[in-house]
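Accompanying notes for the structure given below.
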Amino acid sequence: MTPYPIEVDLHLHTTHSDGTLTPKELVNLCSARGLKVIAITDHDSTEGLPEAMQAAARVQNLEIIPGIELSTDLNGQEVHILGYFINHCDPELQRILNELRDGRINRARIIVDKLSEIGVHISWDRVQELSGGGAIGRPHIAQAIVEAKYVEYPKDAFNQYLGRGQPAYIGRSKLTPQSAIRLLIERGAFPVMAHPTFTLSETDRPNLSKIQPVVNELCRVGLVGMEVHYKDYTSKQIQALADISYEAGLIPFGGTDYHASGNPGEPEPGYIGPPMKTVHRLKALRDHAK
Ligand code: AMP
Ligand code: ZN
Ligand code: FE
Ligand code: FE
């Protein structure tokens, strides 16, 4: 049990990427769960922020930190970089995000073709419909596979078809984490490493100190924090990551990475999150940079 009430969730997705709640629905849920500060961190999109901010203005005592999540690749390992206090009114940022979202469309089309080659037939129109015009991702394809009754849950679609190493896995010409960090810093945002365990192979995951070289490299280019209080991490994982984060001088972040995905047992907002002190430290960085 966390030794503090959960008031903060700094990792949440909406319909503007691969979440299934609209920004307004998500804000209302977080408010009902008693959260005080949340960050909307859609993949390659800030389009949900205006609606989330409007909705937060209507409920009381809920603050929105504008955020984003960028997918990157480091020597074949997946690294996601969160950016906080991103300025969604920045036209250059929007140009870059549009390019990243176009890359997602091309890749999703190739995945749908590849699935068809191995006998999993889903319609591209349905995948697009599920994406609702937001940043399209593998979870939309997973949902279409569930609907077509090839598997029961989206996670099964990842395990059998879409995950790294599975037959319909396609990488994307992505940023490196270093370039994502530099991009976020240039645009005035604060970069944080998301779910550090995802970056390790299954065999390396029990030994979290294996993440150290990547953390050191990302610190060198300006990382300010890493996720520690994340989703379904065990207290042992949290402790190990808290130690790595502390040693590296990073702020410990976290949240549920809630997608309302339909997977059983998905941790919901209010289940886990960083302490309020994380928000204070992030704001101190922002105020210092002004
Ligand atoms: P994409 O952005 O298209 O590469 O898809 C990445 C998203 O897929 C992540 O943010 C998760 O929401 C989801 N995802 C990745 N791996 C899995 C998995 N094994 N099971 C369920 N969802 C996953
Ligand atoms: Zn996602
Ligand atoms: Fe992620
Ligand atoms: Fe995420």
Side-chain angles (χ1 to χ4, degrees), residues 6-27 29-30 33 35-53 55-56 62-72 78-88 90 93-94 96-97 100-101 104 134-139 174-175 177 180-181 183-185 187-196 198-199 218 223-231 233 250-261 266-274 278-279 282-283 285-286:
I6 303 298
E7 297 181 310
V8 181
D9 191 324
L10 300 178
H11 192 159
L12 296 162
H13 294 272
T14 78
T15 44
H16 289 274
S17 64
D18 52 8
T20 67
L21 298 187
T22 63
K24 187 177 167 194
E25 287 166 341
L26 182 64
V27 163
L29 173 68
C30 290
R33 295 283 162 91
L35 290 168
K36 302 277 192 293
V37 183
I38 64 170
I40 308 289
T41 54
D42 275 314
H43 301 279
D44 302 338
S45 174
T46 58
E47 305 275 315
L49 290 172
E51 182 183 316
M53 285 169 173
L62 181 64
E63 180 183 346
I64 308 275
I65 293 181
I68 192 147
E69 183 173 16
L70 302 174
S71 308
T72 77
E78 197 151 330
V79 182
H80 291 184
I81 304 291
L82 296 156
Y84 294 101
F85 287 119
I86 191 92
N87 173 11
H88 66 279
D90 173 352
L93 172 76
Q94 293 307 333
I96 296 164
L97 295 181
L100 292 172
R101 292 198 294 269
R104 285 179 166 276
I136 202 162
R138 283 177 290 164
K174 289 185 225 171
L175 302 161
I181 288 170
L183 164 69
L184 290 167
I185 294 172
R187 314 297 344 144
F190 297 91
V192 168
M193 184 183 190
H195 40 65
F198 285 23
T199 297
L218 302 189
L223 195 73
V224 306
M226 66 184 259
E227 285 195 313
V228 168
H229 309 275
Y230 176 76
K231 201 175 188 163
Y233 280 179
L250 292 170
I251 304 173
F253 277 72
T256 53
D257 199 359
Y258 189 56
H259 286 74
S261 64
E266 182 180 5
E268 297 187 356
Y271 176 77
I272 195 169
T278 291
V279 174
L282 175 64
K283 286 184 176 172
L285 283 183
R286 177 199 57 180

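Positions are given from 1, in the same order as the sequence printed here.
By the side-chain contact (heavy atoms from CB on, under 4.5 Å) test, S261 pairs with H259, N263, E266, sequence neighbours left out. By the ring pair (Phe, Tyr, Trp, His ring centres under 6.0 Å) test, Y84 pairs with F253, sequence neighbours left out. Under the ring pair (Phe, Tyr, Trp, His ring centres under 6.0 Å) criterion, H16 pairs with no residue, sequence neighbours left out. Listed by chain and residue number, E268 satisfy the side-chain hydrogen bond (donor to acceptor under 3.5 Å, both in side chains) test with R33 (two or more places apart in sequence, or in another chain). Contacts of K36 classified as side-chain contact (heavy atoms from CB on, under 4.5 Å), with partners at least two apart in sequence or in another chain: E7, M276. For H88, there are no side-chain hydrogen bond (donor to acceptor under 3.5 Å, both in side chains) partners at least two apart in sequence or on another chain. For the salt bridge (charged side-chain N to carboxylate O under 4.0 Å, His left out) test, residues two or more places apart in sequence or in another chain that qualify with D44 are R104, R172. Applying the ring pair (Phe, Tyr, Trp, His ring centres under 6.0 Å) rule to F85 yields no partners; only residues at least two apart in sequence or on another chain are considered. S17 meets the side-chain contact (heavy atoms from CB on, under 4.5 Å) test with H13, D42, H43, A135; sequence neighbours excluded. Shown here are the side-chain hydrogen bond (donor to acceptor under 3.5 Å, both in side chains) partners of N87, two or more places apart in sequence or in another chain: there are none. E227 pairs by the side-chain hydrogen bond (donor to acceptor under 3.5 Å, both in side chains) definition with H11, not counting sequence neighbours. For E47, the salt bridge (charged side-chain N to carboxylate O under 4.0 Å, His left out) test picks out R101, with sequence neighbours left out.
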Dump the intermediate steps for side-chain contact (heavy atoms from CB on, under 4.5 Å) on H195 and E69, then the final yes or no. CA-CA 11 Å; H195 40 65; E69 183 173 16; 3.3 Å; yes
Before you tell me yes or no, could you show the steps for L183 and I81 under side-chain contact (heavy atoms from CB on, under 4.5 Å), namely the whole-Å CA-CA distance, both residues' side-chain angles and the distance that decides it to 0.1 Å? CA-CA 11 Å; L183 164 69; I81 304 291; over 6 Å; no
V228/L250 under side-chain contact (heavy atoms from CB on, under 4.5 Å): CA gap, chis, key distance, verdict: CA-CA 10 Å; V228 168; L250 292 170; over 6 Å; no
Could you give me the CA-CA distance, side-chain angles and deciding distance for T46 and Q94, then say whether side chain to side chain donor-acceptor pair (under 3.5 Å) is met? CA-CA 8 Å; T46 58; Q94 293 307 333; 2.8 Å; yes
L70 vs L100, test: side-chain contact (heavy atoms from CB on, under 4.5 Å). Steps then yes/no. CA-CA 9 Å; L70 302 174; L100 292 172; 4.1 Å; yes
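At a threshold of 4.5 Å between non-hydrogen side-chain atoms, the residues L285 and I251 count as touching. Side-chain atoms of L35 and P269, non-hydrogen and from C-beta on, do get closer than 4.5 Å to each other. When side chains are defined from C-beta on, M53 counts as touching P66, because their heavy atoms get closer than 4.5 Å.
Atom-to-atom distance recorded for L29:CG and I38:CD1 is 9.0 Å, nearest 0.5 angstrom. Atom CG of L26 sits about 9.0 Å away from atom OG1 of T15, to the nearest 0.5 Å. Taken from CG in L21 to CG in L12, the straight-line distance is 9.5 Å, to the nearest 0.5 Å. Here CG of L223 is found 5.0 Å from CD1 of I181. Values are rounded to the nearest 0.5 Å. Note: L10 CG to Y230 OH = 13.0 Å, rounded to the nearest 0.5 Å. Annotation: the span from Y233 atom OH to I272 atom CD1 amounts to 9.5 Å, rounded to 0.5 Å.
Closest approach of T72 to A180, counting heavy atoms only: CG2-CB, 3.6 Å. The minimum heavy-atom distance between P177 and L218, with the atom names listed, is CB-CD2, 3.7 Å. When all heavy atoms of I6 and G273 are compared, the pair lying nearest together is CD1-N, 3.6 Å. Taking every heavy atom of both residues into account, P274 and G255 meet most closely at CD-N, 4.2 Å. The two residues P252 and T278 make their nearest non-hydrogen contact at O-OG1, 2.8 Å. The two atoms that bring T199 and E78 nearest to each other are OG1-O, 2.9 Å, heavy atoms only.
The backbone N or O of K24 lies less than 3.5 Å from a partner atom in the side chain of E51, making a donor-acceptor pair. Using a distance-only test at 3.5 Å, with no hydrogens or angles considered, a donor-acceptor pair links the side chain of D9 to the main chain of T256.
Within a 6.0 Å sphere centred on NZ of K283, other residues, nucleotides and ligands contribute more than 12 heavy atoms.
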